[in-house]
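Let me begin by presenting the structure, written as structure tokens, before commenting on it.
None of the values given here were measured: they were computed from a predicted structure. Start at 1 and go down the list; that is how both ligands and their atoms are numbered.
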Amino acid sequence: MRGKMEERKVAFITGGSRGIGKEVATKFAENGYNIVINYVSDKTDVETLRTEWESKGVKALILKADVTKAEEVENVVKTAIDTFGKIDVLVNNAGITRDNLLMRMSEEEFDKVIETNLKGTFVVTKAVTKYMMKKRSGSIVNLSSVVGVVGNAGQCNYSASKAGVIGFTKSVAKELSSRNIRANAVAPGFIETDMTAVLSDAVKENIHNQIPLKRMGSAKEVANLIYFLGSDESSYITGQVINVDGGMVM
Ligand code: NAP
């Protein structure tokens with residue numbers, strides 16, 4: 001039902017200002033959900049989409065909040081609840097890389113990635129599930145990575161954070177299933193966003209050669225899976241990790 005505002009479902013996408021998060025927000029908006037997005041530095045990209053969404057009756061809250069700061073996250077969640085009365089879907093998408101070889105990696109590079117990707121997922125999930133538990137319904141989708149499953153040289157911080165997200169997701173799925181809250185993780189391979197734009201052409205060619213489908217994925221292709229897992233279309237799926245990687249890991 002895409003009618004009146006109060007009948008719409010609500011999706012909260014962390015780091016929804018760019019890349020995969022922006023496509024995920026677009027997918028939920030196209031399917032009639034009201035949208036909550038947070039970001040840390042710039043919302044220009046997603047602000048231009050707001051007008052398009054609003055012309056279809058979709059409301060969007062776009063708020064500045066760092067996922068590692070519980071107080072900022074709680075403010076976003078409170079504003080979302082005050083505005084929409086509920087959050088049906090949470091997508092823990094905000095994430096960063098600080099790549100380096102183990103021997104060269106600073107403690108700061110290690111900590112920053114774990115803090116944003118893993119602790120951030122914990123902070124936001126805790127704040128949102130408080131309301132999902134009261135409603136006895138909800139779906140959580142966490143962004144892991146194939147690198148969290150198989151590892152990657154130069155990314156020990158990132159792969160540890162994404163492996164952590166898998167353990168976190170399975171634990172949350174077990175803990176909250178009795179309240180009708182599902183939790184799943186998606187593990188994208190190489191996807192064309194700002195995060196991978198920094199790779200050289202030589203590295204990209206090498207990557208293509210490792211992918212059976214011989215190309216990087218698009219943010220839209222990841223968003224399609226996330227939408228499926230967030231929506232009731234996947235109502236009997238919980239605690240799973242699903243790759244979207246052109247066959248890279250099988
Ligand atoms: P991206 O284009 O770099 O966008 C990252 C998003 O996260 C931005 O909206 C950014 O906000 C937000 N963000 C970063 N730190 C944050 C913080 N502390 N608090 C709140 N928001 C924060 O990245 P992407 O490629 O779309 O990746 C999205 C997710 O997919 C990440 O978890 C990533 O690890 C995962 N992933 C990506 C790939 C890939 O190949 N691209 C592969 C596997 C997994 P600002 O715009 O304000 O900086």
Side-chain angles (χ1 to χ4, degrees), residues 12-27 35-49 62-77 90-99 111-125 127 140-152 155 157-166 168-169 185-199 203-204 207-208 210-211 215-223 225-226 229 241-246 248-249:
F12 174 16
I13 300 105
T14 70
S17 55
R18 293 187 278 128
I20 294 171
K22 195 176 80 171
E23 282 300 332
V24 173
T26 302
K27 182 80 184 176
I35 303 297
V36 183
I37 283 171
N38 74 309
Y39 66 97
V40 271
S41 56
D42 185 29
K43 61 172 178 172
T44 321
D45 266 18
V46 79
E47 265 303 345
T48 58
L49 281 173
I62 304 173
L63 302 166
K64 187 166 182 170
D66 187 326
V67 290
T68 66
K69 307 220 163 90
E71 205 175 311
E72 293 184 19
V73 169
E74 274 155 24
N75 279 337
V76 172
V77 174
L90 166 63
V91 181
N92 280 304
N93 165 81
I96 58 164
T97 50
R98 294 286 185 277
D99 297 352
D111 288 347
K112 184 80 188 157
V113 168
I114 299 287
E115 200 189 7
T116 306
N117 300 1
L118 184 55
K119 188 185 160 191
T121 299
F122 157 75
V123 167
V124 182
T125 305
I140 301 162
V141 186
N142 296 327
L143 267 291
S144 179
S145 165
V146 290
V147 162
V149 181
V150 298
N152 195 23
Q155 288 198 307
N157 52 356
Y158 183 77
S159 60
S161 75
K162 295 300 185 180
V165 164
I166 292 175
F168 177 82
T169 304
V186 299
F190 287 95
I191 309 301
E192 277 173 355
T193 67
D194 293 345
M195 194 176 266
T196 49
V198 291
L199 301 172
V203 171
K204 280 186 187 161
I207 287 168
H208 290 179
Q210 296 168 41
I211 303 171
R215 62 172 177 88
M216 284 200 183
S218 69
K220 209 179 176 92
E221 288 170 313
V222 180
L225 173 63
I226 293 176
L229 289 173
V241 184
I242 303 183
N243 293 4
V244 47
D245 64 355
M248 222 176 120
V249 175

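Side-chain contact between Asn92 and Leu143 is absent, with no heavy-atom pair separated by less than 4.5 Å. Side-chain contact between Met216 and Lys204 is present, with heavy atoms from C-beta onward closer than 4.5 Å.
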Sequence neighbours left out, cut at 3.5 Å: what donor-acceptor pairs do the side chains of residues 188-198 make with other protein atoms?
from: Thr193; atom 1: OG1; to: Met195; atom 2: N; distance (Å): 3.1
from: Asp194; atom 1: OD2; to: Arg18; atom 2: NH1; distance (Å): 2.8
from: Thr196; atom 1: OG1; to: Ile191; atom 2: O; distance (Å): 2.5
from: Thr196; atom 1: OG1; to: Thr193; atom 2: N; distance (Å): 3.2
from: Thr196; atom 1: OG1; to: Thr193; atom 2: O; distance (Å): 3.2

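Contact shell of ligand 1 (protein heavy atoms, cutoff 4.0 Å): Gly15, Ser17, Arg18, Gly19, Ile20, Asn38, Tyr39, Val40, Ser41, Asp42, Ala65, Asp66, Val67, Asn93, Ala94, Gly95, Ile96, Thr116, Leu143, Ser144, Ser145, Tyr158, Lys162, Pro188, Gly189, Phe190, Ile191, Thr193, Asp194, Met195, Thr196.
Applying the side chain to side chain contact (heavy atoms under 4.5 Å, CB included) rule to Ser159 yields the partners Val147; only residues at least two apart in sequence or on another chain are considered. For Thr121, there are no side-chain hydrogen bond (donor to acceptor under 3.5 Å, both in side chains) partners, not counting sequence neighbours.
Taking all atoms of both residues into account, the shortest heavy-atom contact from Val73 to Ala127 is CG1-CB, 4.0 Å.
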